[in-house]
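Lettering follows sequence order; numbering is per chain, from 1.
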Amino acid sequence: MPELPEVETTRRGVAPWLEGARVSGVVLRQPQLRWPVPPALARELPGRLVLAAERRAKYLLFRAEGDRTLMLHLGMSGSLRVLRAPRPPGAHDHLDLALESGCTLRFNDPRRFGSADWVAGDPLQHPLLRSLGPEPLGPDFTPDYLAAACRGRKVAIKQLLMNGRVVVGVGNIYASESLFRAGIHPARAAGRISRARLAALVAAIRDVLEAAIRQGGTTLRDFAWGEGQPGYFRMELAAYDRAGQPCRRCGGLIRAVVQGQRSTYYCPGCQH
DNA sequence: ACTGGATCCTGACTGC
DNA sequence: TGCAGTCAGGATCCAG
């Protein structure tokens, strides 16, 4: 269930337990994730301190002693929990990090679209991270930047938003939601949107992601405490998954279409 | 250089 | 109730 807000929520939830903690053991039950998990992870991580829990795009970067980083991606169905006491693993619990404190960091991913890598050196130079676009909540994601990225492009704006080389972290839900907020039709060619409307889109993306992170924050404690996950953030989605339901702004019906094999939701009355 | 399509995998849900 | 078909919050790789 990882959109950028949820990856960030996960990072904030596990960081207090991980930063400054020493890993005592690694249990890898399923090395076949999106890519094979390198055996060096289980060999080299135990005994090291975790220095920092960071995020880039939807990747979690756990920096360890010795210039190494555990790089985790949650894929479509991955989740990360901190257990305060040992608990028998369930289905799809692929990876455990045992900490000297007695806590366990547990990675679960039914569909196995997630990944775990063990990286030497600067993880930001990793092939998967090197060519990524700016963080949507960072200083580089500006109207000028988006306008330059859209210039001359015929691709639908929704698909451009989901291209990690343009901007990271905007997944299928938030692409629909931010376009609804900005009043832009998801199929409109990126290069045929005025600068003013792209500026509104930048603001909409920021607003939606920040609101979702705030909602995720309310469940942080449960997450860190390792108790049942109570539904993560409950956003007031205006468009996503609301096909056939009335638009909250104009009362018209929300429509669903498929773009690039992904469902898109929009209001034909409000978005042009 | 861009763009669309196939692909990895399991589980939940729908309709017959 | 069983079973086939569809769809799912990602994103890389490859053909055209």
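Annotation: side-chain contact (heavy atoms from CB on, under 4.5 Å) contacts of A:Phe113 (sequence neighbours excluded): A:Met76, A:Arg111. With sequence neighbours left out, A:Arg29 forms a salt bridge (Lys or Arg N to Asp or Glu O under 4.0 Å) with A:Asp96. Residues that satisfy the side chain to side chain donor-acceptor pair (under 3.5 Å) test with A:Lys58, not counting sequence neighbours, are absent from this structure. A:Asp144 pairs by the salt bridge (Lys or Arg N to Asp or Glu O under 4.0 Å) definition with A:Arg195, not counting sequence neighbours. Residues meeting the ring-ring contact (aromatic ring centres under 6.0 Å, His included) test with A:Phe62, sequence neighbours left out: none. Applying the side-chain contact (heavy atoms from CB on, under 4.5 Å) criterion to A:Ala120, with sequence neighbours excluded, gives A:Arg68.
For the pair A:Trp35 CH2 and B:dC9 C1', the computed distance is 14 Å after rounding to whole Å. Between A:Asn163 atom CG and B:dG5 atom P there is a gap of 16 Å when expressed in whole angstrom units. At whole-Å resolution of the value, CG in A:Leu33 and P in C:dA11 are 15 Å apart. Atom CG in A:Leu161 sits about 14 Å away from atom P in B:dT3, given to the nearest Å. Residue A:His73 contributes atom NE2, which lies 7 Å from atom P of C:dT12 at whole-angstrom precision.
One finds no side-chain N or O of A:Lys154 lying less than 4.0 angstrom from the OP1 or OP2 phosphate oxygen of B:dT3. At B:dT3, one or more side-chain N or O atoms of A:Arg153 fall inside 4.0 Å of OP1 or OP2 (strictly under the cut-off).
Looking at A:Gln159, its side chain has no donor and acceptor atom pair within 3.5 Å of the base of B:dG4.
The P atoms of B:dG5 and C:dC7 are separated by 15 Å, rounded to the nearest whole Å. Nucleotides C:dT6 and B:dA6 are separated by 14 Å at their P atoms, to the nearest Å.
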Worksheet item: Can you give the dot-bracket line for DNA chain C, where a pair is Watson-Crick or G-U wobble with both atom distances under 3.5 Å, crossing pairs use [ ], and | marks a partner on another strand?
Response: .|||||||.|||||||
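Across all non-hydrogen atoms, the minimal contact from A:Gly102 to A:Pro86 is O-CD, 4.4 Å.
How far CD1 of A:Ile173 is from CZ of A:Arg262: 9.5 Å, rounded to the nearest 0.5 Å.
Under a 4.5 Å side-chain heavy-atom criterion applied to ILVMFWY residues, the cluster that includes A:Val257 comprises A:Tyr266 as well.
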Table of protein N/O atoms under 3.5 Å from nucleotides 5-8 of chain C N/O atoms:
{"residue": "C:dA8", "atom": "OP1", "partner": "A:Ser263", "partner atom": "OG", "Å": "2.3"}
{"residue": "C:dA8", "atom": "N3", "partner": "A:Arg111", "partner atom": "NH1", "Å": "3.2"}

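C:dA11 has no base stacking with the ring of A:Phe113 when judged by centroids under 5.5 angstrom apart and an interplanar angle below 30°.
Counting any heavy atom pair closer than 4.0 Å across all strands shown, A:Gly164 reaches no nucleic acid atom. Within the 4.0 angstrom heavy-atom criterion, base atoms lie near A:Arg34.
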